[in-house]
Structure formats: structure tokens, C-alpha cells
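These notes are about the structure you will find just below.
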Amino acid sequence: MKVETRQREGVTILEPKGKITIGVGDVALRDAVQGAIESGASNILINMSGVSTIDSSGIGELVAAYTTVTNRGGKLRLYSLPPKVSDILQITQLITVLDILDDEEEAIASFR
Amino acid sequence: MKVETRQREGVTILEPKGKITIGVGDVALRDAVQGAIESGASNILINMSGVSTIDSSGIGELVAAYTTVTNRGGKLRLYSLPPKVSDILQITQLITVLDILDDEEEAIASFR
Amino acid sequence: MGEEVAEVQLSIDSQFENIELVQAVLDASLERLEFDEDSRYWIGIAVREAVANAIKHGNRQDPEKQVGIGLRVVEDTVVIQVQDEGAGFDPTQVGNPLDPENLLKPDGRGIFYMNRFMDAIEYNFGTGGGTLVTMRKRIGSGDPRSGEEDSE
Amino acid sequence: MGEEVAEVQLSIDSQFENIELVQAVLDASLERLEFDEDSRYWIGIAVREAVANAIKHGNRQDPEKQVGIGLRVVEDTVVIQVQDEGAGFDPTQVGNPLDPENLLKPDGRGIFYMNRFMDAIEYNFGTGGGTLVTMRKRIGSGDPRSGEEDSE
Ligand SMILES: Nc1ncnc2c1ncn2[C@@H]1O[C@H](COP(=O)(O)OP(=O)(O)O)[C@@H](O)[C@H]1O
Ligand SMILES: Nc1ncnc2c1ncn2[C@@H]1O[C@H](COP(=O)(O)OP(=O)(O)O)[C@@H](O)[C@H]1O
């Protein structure tokens, strides 16, 4: 799992590619979010389109990131969820709790 | 493993695709060669380009086919060997024993 | 009971990377059965959760301890067992991740997913310690996301 | 000895299709080591030959008998063991497939390939029957096709 980070219109976009699963991917995601926060980012997007698999640890990491960023007064939103990622979040009712947007345009627009 | 059979200029061309390995692929190859012989073919080519893996059972099957066809006065030749198939035949010195040609043109021409 | 048509046993060290070995065997095994791609994917997630729990909570990542995975097909049902050398736990004490106070917790969803993606899961605990979880999924027993049987 | 960094055990029914399960675990295991793609491929062939022999000559395809496969990495060497429940055999009686009278025989090349693709292979026979073959390959020990060490 690799996470690339880029900026667009003052928003930090994290792009994980591969598996967000226990032991490797979850740690990489945590580090990327932590890195963004330390660089002063308060509006963060995660482009989920490259995520092939996510397990409960990966989901826990998303929830933890959401809570951390929100508690610091920032915003963390997800977009472009592959169907299986959307399904697994749905099952534990996180689709409604987390901020989820369809695509990058909609996600960027949500911060304007 | 699947073996397709076609004709060109009076030559029967067998095209195995996949693994010629013990228990499945080797049996499929044997059946295809047997089928060609029963249909009266005496000039047979095997296009090896679609073979991803071959083990000693698959190689045994090639040798058996070569012997059977030769003993009946026919000819069996191989062409378009992927590098790894060529390597494994080389190791047991079968490259020189079996009739092997570079490509289909050369193989068909060898029967003219 | 029913005729057993195939059995595979795998034993791995307690390292999370080894979950990929389990996934590889599982994929190669399920490929031969008539599960659709979605079912195979969700069975894979359930098995990953079970093995992750065995490594993390059971064996506590002790490299000396092994996780055993058994896979067998009995008629039209795949039965997957995951065994660790840990201290066991009380499944009745595991909270529901859908409870409002749990919704934003970072953990506690693994067993819930296992239950949702398989037809049945069952825990057994050895007298000398160790957790054995047995999971079953019947071919064609519906879309696991719906949590219902034969919903298709 | 040297530190053992990983160990996987697999046990399969005596069916040739199960060789694909072994290949899947092997691929997933070797992926993490620094073998080049060619080496991984040839190790795969050697393991297929060993498992095929265990199923065919050892267990004679008896569905009640299992083949055990062990995979471990000791320092920079992968050690693969294949165990069957057969009657054993005398490796010194196995012919050389390069002998002119054997060149066109349909069988007798498996052990020869195992030897060529691995650095070392060793046979052990249990007192109660059963063949155990142990194969080793060191990372970077040269192109197996050449049969020489460090030829690159
Ligand atoms: N194999 C196991 N051995 C010991 N305890 C376990 C095992 N599996 C699960 N548990 C316990 O059940 C709890 C809930 O597990 P789970 O639903 O997978 O969520 P999580 O692993 O995120 O905590 C764990 O926190 C742990 O206390
Ligand atoms: N696991 C085994 N158990 C019993 N006999 C074996 C085993 N492996 C090999 N052999 C014997 O060694 C011979 C040579 O094996 P091999 O070189 O693989 O060629 P093949 O399998 O084509 O005969 C076999 O024919 C068999 O008699």
C-alpha cells in the first residue's frame, strides 16, 4: 500500500493505493493522515478509488482519522468509493456517519 | 488448459493454452493428439506459444506424442516455444531430439 | 455430515503479512467452487478478520505461536476454521458496533463482519487455551451484504 | 543453524489439482523474498514436481492420504519440504534422463528437474514409511537453468 499526497485549492488530498488492511495498509494510512495534520492541513480528502480491499482495521483507521481531524476543528471527507468499500462501510452504518462524496469535483466543491 | 485444433495447408495445428501439467493439462494434450491421429492427421504441429507452464508430465506427454506419431509414419513438430518452455526442454536435451521450429510460417514450410 | 470433497490445512507464524498466504490459498481453493466473485471476496474478508484476530488478540503476535487454518468443502458448503494458541475470550461480551456509543470507535467490527459475510460462525475454546472459530458458507446462500439467506 | 524468519505448513489431499494451492502459497511466500522472477518460476516447477511425485508415486492418489508441504526461510535460503505417506523408494536406483536409452522415455525427469532448479535436494524415509524430500535454494544462487552456483 502506498499513499500519495497532493494539494488542490488549499485542500490536502490523500490517495491510498492497494489494501488498507491490518499491519501494513492501516499503518500507512495513519502515517499519511498524521503527516498531513503535522503539515498544518485542516481540510483533508481521501480519494478511495485506488483501494482494492479494506478490512475492519482499515475501517477503524478511517474512523480514527475522521475523529482526530474533526476534534482539531478540521474536516476529513472521503470520495470515489469503490462499490465494495462502500458496501463494507454501509454494513456498519458508517456511510451516514462519515462525510462521503461522489467524486473529486463534488468533494473539492464541498470545501468552497 | 484448452487445446484448439485447426487446419492449414493439410497440416493439423494444435494450440494448447495454459498449463500442460500433471493431472489436467497433460491429459488434455494427450486427448488432442489422439483426436488428431484418429481424424487421420499425419502431419501435426503444436503451437506452444500459449503454454504458460509445463512440468515433467507435460514434457513426457510431448515426447509420447512425438513417438506415437513418428511410429505411425507421421510427423509431429513444435513451434513458437516461450523461453521457459524452451529452457526446460533444453535441460533434458529434448530441444535437439524433438522437431522444433521458430514460428508457424517456418513450421508450415517444413512440410512443403 | 455429507461427503467431504477437499481439505487443506495451513499453519502460519503470527505475523500480519501472512494473512496474504491465507488469502492466496483461499482464492486458489474457492476458484474451483461455484461461488460468484462477490461471495469469494466477502468470504476472503471474513477469513482475514478471523486470522487477524487470531494473530492479534489470540497469539498477541508472539512469533513462537502459530495460527492454524483449515479449509474443507462438505457438499455445497465451505467450512473454514481458524485456530490460535491464545487465552480465549467470552464472545457474549463483545459489543455491537452498531450501538450509537460504538459507531465511532476505531475497533470492534471484525466479528460483526465475519457474521455478516458467512452463513454461520461458531466459537470453541480448548481447555488448555486457544480459540477455534468455525465459519460456514453455502454456495448460493445469497449476497452476504444483505445478511439474508437465498435473497437472490 | 541461523535464524528462522518465517514458516508455513500446508497439508493437502492427494489430488493433482491441489498442486495449484501449493503454487499459490509458494508464490505468495516467495513474493516477499528477493528472488528474481525467473528463480521463483523455477522453484515453483521444482516444488510442483516434488508434490506430484508425493501424490502419484508416494500416496498413489489415495484420497485418504495427505501430502504435507513445509516452507521456511532460514537467513537467505528458502527450505521446502514435501512429505507423503507412501512406501518410499531408493533414489540411487533412479535413472538419468539424459542417458541415450532414456531420452525418449515419457517419464523419469521430475527429480532431475528438482535437482537442477534447486541448490540441493535430499531424501529421507521414515521407518514407518513415507518419503520426505527437502529442497533448498539460496537467494541469488544463480540461474537455476545453468545448474551452477553464482553464475550471474
Ligand atoms: N481469537 C481471539 N482471541 C482472543 N480474543 C479475541 C479473539 N477474537 C476476538 N477476540 C476478542 O473479541 C473482541 C472483538 O473482536 P472484533 O470484533 O474482531 O474487533 P477488534 O478485533 O477490532 O477488537 C476483541 O477486541 C477481542 O477482545
Ligand atoms: N515420493 C515418492 N515416493 C515413491 N517413489 C518416488 C517418489 N518420488 C519419486 N519416486 C520414484 O522415483 C522415480 C523417478 O521420479 P521422477 O524423476 O520424478 O520421474 P517420474 O515421476 O516421471 O517417474 C519414480 O518413477 C518413482 O519410482
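When reading the values below, keep in mind they use all heavy atoms of this one structure, side chains included, and skip hydrogens, waters and symmetry mates. Naming: A, B, ... by sequence-line order, numbering from 1 per chain.
Salt bridge present: C:Asp119 and C:Lys137 bring a charged side-chain N and a carboxylate O closer than 4.0 Å. Between A:Arg8 and A:Glu15, none of the side-chain N atoms (NZ, or NE/NH1/NH2) sits under 4.0 Å from a carboxylate O, so this pair counts as no salt bridge. The pair A:Glu9-A:Arg112 meets the salt-bridge criterion, with a side-chain N (NZ, NE, NH1 or NH2) lying under 4.0 Å from an Asp/Glu carboxylate O.
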Listing, residues 97-107 of chain C side-chain donor-acceptor contacts under 3.5 Å, not counting sequence neighbours, or none:
residue  : atom : partner  : partner atom : Å
C:Asn102 : OD1  : C:Lys105 : NZ           : 2.9
C:Asn102 : ND2  : C:Asn96  : O            : 2.8

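For the residue pair C:Glu122 and C:Thr134, no side-chain donor N or O sits within less than 3.5 Å of a side-chain acceptor on the partner.
Side chain of C:Asn59 to main chain of C:Gln61: no donor-acceptor pair is present (N/O by atom type, distance under 3.5 Å, no hydrogens or angles).
For chain C, the nearby parts of A:Ile22 are the backbone and the side chain; heavy atoms of each come within less than 4.5 Å. Residue A:Ile54 touches chain C through its backbone alone, counting heavy-atom pairs closer than 4.5 Å. For A:Thr92, the parts lying near chain C are the backbone and the side chain together; criterion is any non-hydrogen pair under 4.5 Å. In this structure, chain C has a heavy atom under 4.5 Å from the backbone of A:Ser52, while its side chain stays farther away. Of the two parts of A:Lys84, the backbone and the side chain both hold a non-hydrogen atom closer than 4.5 Å to a non-hydrogen atom of chain C. Only the side chain of A:Thr21 has a heavy atom closer than 4.5 Å to any heavy atom of chain C.
Identified by a heavy-atom distance below 4.5 Å to chain A, the contributing residues of residues 46-56 of chain C are C:Arg48, C:Glu49, C:Ala52, C:Lys56, in residue-number order.
Between C:Gln23 and C:Asp27 the shortest side-chain heavy-atom distance falls below 4.5 Å.
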Chi angles and distances behind the side chain to side chain contact (heavy atoms under 4.5 Å, CB included) call for A:Leu89, A:Ile59: CA-CA 8 Å; A:Leu89 288 173; A:Ile59 288 166; 4.0 Å; yes
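Screening A:Glu106, A:Glu105, A:Glu104 for a side-chain hydrogen bond (donor to acceptor under 3.5 Å, both in side chains) with A:Tyr79, the sole residue that qualifies is A:Glu104.
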